[in-house]
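Here the structure is a predicted model, which is why all the values come from computation and not from measurement. Lettering follows sequence order; numbering is per chain, from 1.
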Amino acid sequence: MRWSHYPVTTVKEVPSEAEVVSHQLMLRAGLIRRLAAGIYTWTPLGLRTLRKVETIVREEMDRAGALEVLMPAVQPAELWQESGRWEKYGPELLRLSDRHERPFVIGPTHEEVITDFARRELKSYRQLPVNFYQIQTKFRDEIRPRFGVMRGREFIMKDAYSFHADAASLERGYAAMREAYVRMFTRMGLEFRVVRADTGAIGGSASEEFQVLADSGEDAIAVSDGADQYAANVELAPALPPAAPRPAPAQALARVATPGRRTIAEVATFLQLPPARLVKLLLVEGSDGGVVAIALRGDHELNAVKAQKLPGVASPLRMAGPDSIRAATGVAPGFLGPVGLRCALYADHAALALADFACGGNEEDLHLTGVNWGRDLPAPQGVDVRNVVPGDPSPTGEGRLSIRRGIEVGHIFQLGTKYSEAMQATVLDESGKPVPMTMGCYGIGITRIVAAAIEQNHDAAGIVWPAPLAPFQVVLVPLNAAKSARVRDKAEELYAALTAAGVEVLFDDRDARPGVKFADAELLGIPHRLVVAERGLDAGRLEYRHRRAAANEDWPLDGALETLLARVRAG
RNA sequence: CGGGGCAUGGCGCAGUCUGGUAGCGCAUCUGCUUUGGGAGCAGAGGGUCGCAGGUUCGAAUCCUGCUGCCCCGACCA
């Protein structure tokens with residue numbers, strides 16, 4: 001491709017709308033252009049990378065035996081009413097009407113359509129298992145689109161759905177998909193982890209996420225250094241109860257005036273105790289309209305996913321407002337404590353393991369010290385409701401956890417019969433009886449992968465593409481070609497030879513100064529750069545540099561083409 | 001949806017408080033010079049100042065309403 005006829009417009013200044021580095025670089029390098037909030041056009045350059053991601057995904061899905069289909073983006077509302085999600089999905093589901101006032105949706109996902117397809121196509125257990133997938137545009141009317149294509153409203157997703165005669169077959173199909181996913185992300189050159197995950201709104205039983213590791217990731221994941229490589233989303237990673245039994249009380253209960261000290265940090269400083277010696281009390285809305293109290297160690301955070309699964313707690317989790325807190329305890333947030341509390345109370349295991357702790361006194365400007373469960377108040381039920389923290393033991397018993405940030409690029413679920421039962425997607429089993437098919441579903445955010453790859457692979461100069469995702473493999477940079485026929489001829493010759501060899505070359509034939517060309521080549525992140533200049537030609541040399549390398553290499557003209565081809569093939 | 005902010009050539013911004021003929025940098029186009037790390041000089045084009053209404057002799061600027069976008073919190077590939 002000749003740059004002079006390729007519409008790549010790079011930008012020096014960071015667009016003000018872009019917050020994260022991948023979004024900034026995608027705009028600066030001209031990969032995407034915004035049309036509306038969370039809705040983007042992919043430029044010719046950006047589309048090249050997007051297609052590479054798609055191709056790898058498609059190849060690995062095909063290799064795993066999945067069958068590609070293409071389902072409509074616009075779907076009739078009846079299907080969603082049948083599954084019950086017309087009501088449940090909420091405002092994220094974009095609804096519209098056709099000219100006959102018939103309700104439709106723009107598909108945020110395709111469980112309904114695929115299940116409808118499957119129940120029409122599949123009649124016998126003999127046809128199972130089967131796995132259908134598509135690579136297609138979805139629309140989710142996100143409350144807050146963010147970070148460019150990382151969290152767009154319209155995005156491209158690979159979604160796959162497998163149908164099985166029984167749970168054992170589902171397990172095998174799930175394992176095959178897991179393996180295919182590992183191959184895909186490995187091929188893309190991304191550093192990722194497979195983590196256990198909450199099933200969320202999709203439902204079902206087992207579920208794992210594929211997280212690309214990046215410090216800017218929205219998800220926190222707990223990774224064990226144990227031999228079993230346990231990894232889980234912090235949302236669901238279990239925190240084990242402390243192994244040591246609770247110490248015996250050593251202090252007397254005392255009332256301490258703590259005027260104006262509301263936060264854990266303020267109280268800990270005032271009492272000269274570490275936050276881990278404090279118990280904080282959080283009130284959440286109960287499922288019966290009242291409130292439920294949860295006691296946590298001062299240095300721990302409440303885990304919403306765990307909390308909303310507790311009996312009596314409203315799901316989704318909602319924190320109690322100041323009014324209901326006052327109504328339940330008679331005091332404002334900041335001085336709440338478990339002693340003398342009248343509402344339902346849970347305590348996190350770690351809080352329950354404390355002796356002689358400090359907590360709020362349920363009176364304005366009052367805290368208690370030397371508090372002990374069982375002596376000063378009845379010990380409540382111990383539960384796991386906190387986020388794991390670095391240093392916690394792995395739930396498998398092997399090793400310790402550290403916390404890393406990740407970007408969720410894939411998610412696989414064992415759905416079971418949730419949709420097939422709701423929509424009567426049955427096949428006849430060996431005895432001729434209709435049974436609901438057992439399902440799995442497997443998603444990959446194609447557009448998000450592009451952003452995640454940049455988030456993980458960039459430097460001060462711009463994008464540093466992993467070779468399999470780069471829009472071009474080689475950028476060919478003649479310097480001052482306008483003045484030098486030698487440079488021009490040599491560059492043209494190399495361009496023709498590389499193209500003939502099947503290499504994707506971006507030929508920077510613009511009449512621009514060297515600094516501009518170098519800066520643009522680095523911003524675009526093309527792995528291999530070959531410079532043709534008078535200076536080198538005089539010495540019979542070409543200059544090569546890999547995007548990740550710190551310095552140039554000087555190559556003899558003779559054999560330079562072969563050397564470059566070898567480097568390109570090596571990635 | 002709640003809270004905060006912004007809206008002025010393609011991009012980044014000043015001008016708004018204190019009303020008086022719309023400006024700067026980058027980008028684009030032309031010419032000359034320059035050519036190993038985002039060049040210099042000279043010139044050119046491009047903006048109903050988000051939309052609608054109002055106040056005023058006069059509105060980018062003041063008032064009212066609307067729309068769009070961005071950022072912070074509960075959701076997800």
Asker: Please classify the nucleic acid contact of A:E209 as base, sugar-phosphate, or nothing, using heavy-atom distances under 4.0 Å.
Answerer: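 The residue A:E209 makes no contact with any strand.
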
Asker: How far does the C1' atom of B:rG47 sit from the matching atom of B:rU21, given to the nearest Å?
Answerer: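 Nearest-Å result for B:rG47 against B:rU21 at atom C1': 15 Å.
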
Asker: Rounding to an integer number of angstrom, what distance separates B:rC24 and B:rG9 when you compare their C1' atoms?
Answerer: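 Their C1' atoms lie roughly 12 Å apart.
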
Asker: Counting only side-chain heavy atoms from C-beta out, which of B:rC76, B:rU34, B:rG37 sits nearest to A:R513?
Answerer: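 For the A:R513 side chain, the nearest candidate turns out to be B:rU34.
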
Asker: Expressed as a whole number of Å, how far does the P atom of B:rC26 sit from that of B:rA22?
Answerer: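 B:rC26 and B:rA22 have their P atoms separated by 23 Å.
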
Asker: Does the cation-pi check pass for A:R153 over A:F139, that is, NZ or CZ under 6.0 Å from the six-membered ring centre and within 45° of its axis?
Answerer: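 Checked: cation-pi criterion not met.
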
Asker: Check the interface with nucleotides 68-70 of chain B: list each N/O to N/O pair with the protein under 3.5 Å, or write none.
Answerer:
from   : atom 1 : to    : atom 2 : distance (Å)
B:rC69 : OP1    : A:A37 : N      : 3.3

Asker: If the P atom of B:rC66 is compared with that of B:rG19, how far apart are they to the nearest Å?
Answerer: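 To the nearest whole Å, 27 Å.
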
Asker: For nucleotides B:rU8 and B:rG50, find the distance between their C1' atoms and express it as a whole number of Å.
Answerer: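 Taking atom C1' in both B:rU8 and B:rG50, they lie 10 Å apart.
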
Asker: Determine the interatomic distance between C1' on B:rG2 and the same-named atom on B:rC17; round to the nearest Å.
Answerer: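 One C1' to the other, the span is 30 Å.
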
Asker: Between B:rU34, B:rG38, B:rG37, which one does the side chain of A:V516 approach most closely?
Answerer: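 Shortest atom-to-atom distance from the side chain points to B:rG38.
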
Asker: Are A:F155 and B:rA77 stacked, counting the six-membered base ring, centres under 5.5 Å, planes under 30°?
Answerer: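 Whether judged by distance or by angle, A:F155 passes, so it stacks on the base of B:rA77.
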
Asker: Could you tell me whether A:D508 and A:R529 make a salt bridge, using a distance below 4.0 angstrom between a side-chain N and a carboxylate O?
Answerer: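 Salt bridge absent between A:D508 and A:R529.
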
Asker: With ring centroids as reference points, do A:Y89 and A:W80 lie under 6.0 angstrom apart?
Answerer: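 Here the rings of A:W80 and A:Y89 have centres that are less than 6.0 Å from each other.
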
Asker: At 4.0 Å (heavy atoms only), tell me whether A:L479 reaches a base, stays on the sugar-phosphate, or touches nothing.
Answerer: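 Contact class for A:L479: base.
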
Asker: Between A:D219 (CG) and B:rA74 (P), how many Å, whole number?
Answerer: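 Atom CG in A:D219 sits about 13 Å away from atom P in B:rA74.
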
Asker: Here's a test for you: under side-chain contact (heavy atoms from CB on, under 4.5 Å), which of A:I446, A:D159, A:I106 qualifies with A:K138?
Answerer: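 The passing option is A:D159.
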
Asker: Could you tell me whether the side chain of A:H300 and the main chain of A:L296 form a donor-acceptor pair under 3.5 Å?
Answerer: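 Flag not set: sc A:H300 to bb A:L296 has no pair under 3.5 Å.
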
Asker: Side chain of A:R146, heavy atoms from C-beta onward: which of B:rA77, B:rG37, B:rC71 has the nearest atom to it?
Answerer: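 The listed nucleotide nearest to A:R146's side chain is B:rC71.
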
Asker: Have a look at A:R510 and say if it touches a base, only the backbone sugar-phosphate, or nothing, with a 4.0 Å heavy-atom cut-off.
Answerer: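 Nothing, no nucleic acid heavy atom in range.
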
Asker: Would you mind classifying the nucleic acid contact of A:N552 as base, sugar-phosphate or nothing, using non-hydrogen atoms under 4.0 angstrom?
Answerer: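 A:N552: base contact, heavy atoms under 4.0 Å.
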
Asker: Spell out yes or no: do the side chain of A:R151 and the base of B:rC76 have one donor N/O and one acceptor N/O closer than 3.5 Å?
Answerer: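 In this structure, the two groups form a donor-acceptor pair.
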
Asker: Less than 3.5 Å apart, any donor N or O on the side chain of A:N303 or A:R386 sitting next to an acceptor on the other?
Answerer: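 Per modelled atom types, A:N303 and A:R386 side chains form no pair under 3.5 Å.
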
Asker: For atom CD of A:E68, is the number of surrounding heavy atoms from other residues, nucleotides or ligands below 6.0 Å larger than 12?
Answerer: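 Count over threshold, so yes.
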
Asker: I'd like to check A:L542 versus A:V532 (side-chain heavy atoms, cut-off strictly below 4.5 Å). Are they in contact?
Answerer: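 Yes, close enough: below the 4.5 Å cut-off.
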
Asker: Can you say whether a donor on the side chain of A:D520 sits under 3.5 Å from an acceptor on the base of B:rG38, or the other way round?
Answerer: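 Indeed there is one.
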
Asker: Say we look at B:rG46 and B:rG36: how far apart would their C1' atoms be, to the nearest angstrom?
Answerer: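 Their C1' atoms lie roughly 35 Å apart.
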
Asker: Is there any protein nitrogen or oxygen under 3.5 Å from a nitrogen or oxygen in nucleotides 23-31 of chain B, and what are the pairs?
Answerer:
from   : atom 1 : to    : atom 2 : distance (Å)
B:rG25 : N2     : A:E13 : OE1    : 3.1

Asker: Say we look at B:rU18 and B:rC71: how far apart would their P atoms be, to the nearest angstrom?
Answerer: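 Looking at atom P only, B:rU18 and B:rC71 are 32 Å apart.
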
